[in-house]
Amino acid sequence: MPNIEFDLGEKRVFPPGPRAVQGAAISGMDAYHRLCEHARRDPDGFWRGLAQEHLVWKTPFTEVLDESDAPFYRWFADGRLNASYNCLDRNLENGNAEKTAIVFEADDGAVTRITYRELHQRVCRLANGLRSLGYRKGDRAIIYMPMSIEAVVAMQACARLGVIHSVVFGGFSAKSVHERIVDVGASLVLCADEQMRGGRAIPLKAAIDEALAMGGCEAVRKVLVYRRTGGAVAWDAARDEWLHDRMAGQADQCEPEWVEAEHPLFVLYTSGSTGTPKGVQHSTGGYLLWAVLTMKWTFDIKPTDVFWCTADVGWVTGHTYVCYGPLATGATEVMFEGVPTHPNAGRFWQMCQDHRVTVFYTAPTAIRALIKANDAAPETHPSRFDLSQLRILGTVGEPINPEAWMWYYRNVGREQCPIVDTFWQTETGGHVITPLPGATPLVPGSCTLPLPGIDAAIVDEAGHEVPNGQGGLLVIRRPWPGMLRTIWGDPERFRKSYYPVELGGSIYLAGDGAVRDKVTGYFTVVGRIDDVLNVSGHRMGTMEIESALVANPIVAEAAVVGKPDELTGEAVCAYVVLKRARPEGAEADRIAKELRDWVAKEIGPIAKPKEIRFGDNLPKTRSGKIMRRLLRSLARGEDIRQDVSTLENPAILEQLRVAQ
Ligand code: WTA
């Protein structure tokens, strides 16, 4: 493939990546189209073949897809398997026992390696320990742990027993953990004493104590604590136990629980436009198949690769591309405890060099932050490091702006590595629209084309496909194995959120707006169409932040909107009406800080509003509806040219125009 750039319409197109081309899983666009065609013509045969080839089944399935209760689709339903068996035992049997499974780099730079054999032993010991405490298939466990080998061990040990895990990101507050413990009905908590980030210790066990003290968590019988820092923790001797004590003396073999393919592997909470976070429920068989396929298709994972996904296990990316996908494909993966800017902004590139990373996967927000920092401190610039072993780069979580794409392509990939801009969601289980390395010509800012078997389209509000070049709603018209199965405990909300009757009731509505290129048909995902914000690639509901704000006794009313931000993609902008007079000057600054800290405590630091504006009121229609589009315009600093004739109190706009 010659290293050329050529023009297609107004867009620049880049070759699929010279270094990735040889022997890629999907070798070129012809192979891609053949797979798509197979999936369209014979979906049953297509998925059957893949599920037989890529997973080990204890009991083979007979039926591929059961659509009788759509949209509650069931895949491979009469087959039985175990996710941890597929990730670990399978590697012991096929010659990977002594291969490094995880290279873990701690915040302070200490490196720990663990082979597949050792990882298997540890998972078995913990699973046996949990079994001895009476935990069984179908029980739910909350995992609140830092990036660590132990976090993967905890998730895999749950999977081994058929215990459904629900990982909560360490940046969420005690209150958020509490909500999830209650909603999922957890009887077990796995946490750490503290986590280390950028040289700072942050307590985790304390948040669990606080959450459990809030009440309604009586089902929790045990809290197992991984000793990470040795920092002081409060102890309830009847309930709390050190993880290492529970594992000590346990056998290092553990017969897995063979679960039916539809048995929930995990529930992961994510934000929607209304209400509390939704417990997205994934299956064992279909989810794991999708994790394996996307590792092979999108990352072209090979036995010699060193894979590094920088996402935290608290997010779906850390589930699919840290805990399950890499292990189920027998890869060696890097796991990182710390932050990209500590001890300096060269940390990612240093680690790519030291561990000879070949496939690197991170978020656009991290890239944007590093562009700034690397330019300011040339010794941290990627050009100072030996990155010659990299062959594929990836991004996830939010749109990548073409400038960041170009910087990544030039400086990190040295124009030799394709960038796979992977579009997907907590709900989709793994990538759904993404370039294929070595096959798909790349356009900066576009996630290009759907994976084989993904029937993505852009439709209008009545469900009719719109012509290319015209924006609309992103939908997926046929089920795929990795899709979410339901919302934990709330099937009606599942149906309403993702399969609205307006679109016929059986078509998956992603919740994103998108457009296809007139010439190439490539997809570009523009952003959420609902009240979900994407700040640094973290999903947040405006409603959740509003509820947190109004829970403060001094707040009368609050409205939250997103505002474009150079670094974080979107930033949270909150409009607040206090129960007392509108504050100004230093007083406003003080209260704004107080409210920011309040939101951090209620939800977590990631939800802190960047900007808070105080008003005597909010712009409302005469019927009392808050006019959010006006608030969005004000946040962007735009002149209000919209029709404000329905506005009850036009004068308020002037007041809310300026940031405090
Ligand atoms: C956004 C993260 C543009 C999108 C895996 C989606 C993207 C939400 C991309 C899901 C991308 C994710 N280009 N937008 N490549 N990837 N998004 O559930 O708005 O945390 O709906 O899953 O992130 O976020 P979630």
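In this text the structure is predicted, and so the values were computed from the model without any measurement. Read the numbers this way: they start at 1 and go in the same order the structure lists the ligands and their atoms.
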Item checked: Ring geometry between Trp424 and His431 (parallel below 30°, tilted from 30 to 60°, perpendicular above 60°) -> perpendicular
Item checked: Those residues that, when tested against Lys496, pass salt bridge (charged side-chain N to carboxylate O under 4.0 Å, His left out) (two or more places apart) -> none
Item checked: Sub-4.0 Å heavy-atom environment of ligand 1, residues by chain -> Val316, Thr317, Val396, Gly397, Glu398, Pro399, Asp421, Thr422, Phe423, Trp424, Gln425, Thr426, Asp512, Val525, Arg528, Asn534, Arg539
Notebook entry, point to check: Quick one: do the Tyr321 and Thr294 side chains pair a donor with an acceptor below 3.5 Å?
Noted result: yes
Notebook entry, point to check: In Å, rounded to the nearest 0.5 Å, how long is the span from OH of Tyr269 to CG of Asp183?
Noted result: 3.5 Å
Next item on the list: Please name all residues satisfying side-chain hydrogen bond (donor to acceptor under 3.5 Å, both in side chains) with His165, sequence neighbours left out, ordered by chain then number.
Entry: Tyr324
Next item on the list: Not counting sequence neighbours, which residues clear side-chain hydrogen bond (donor to acceptor under 3.5 Å, both in side chains) with Thr310? List them please.
Entry: Thr362
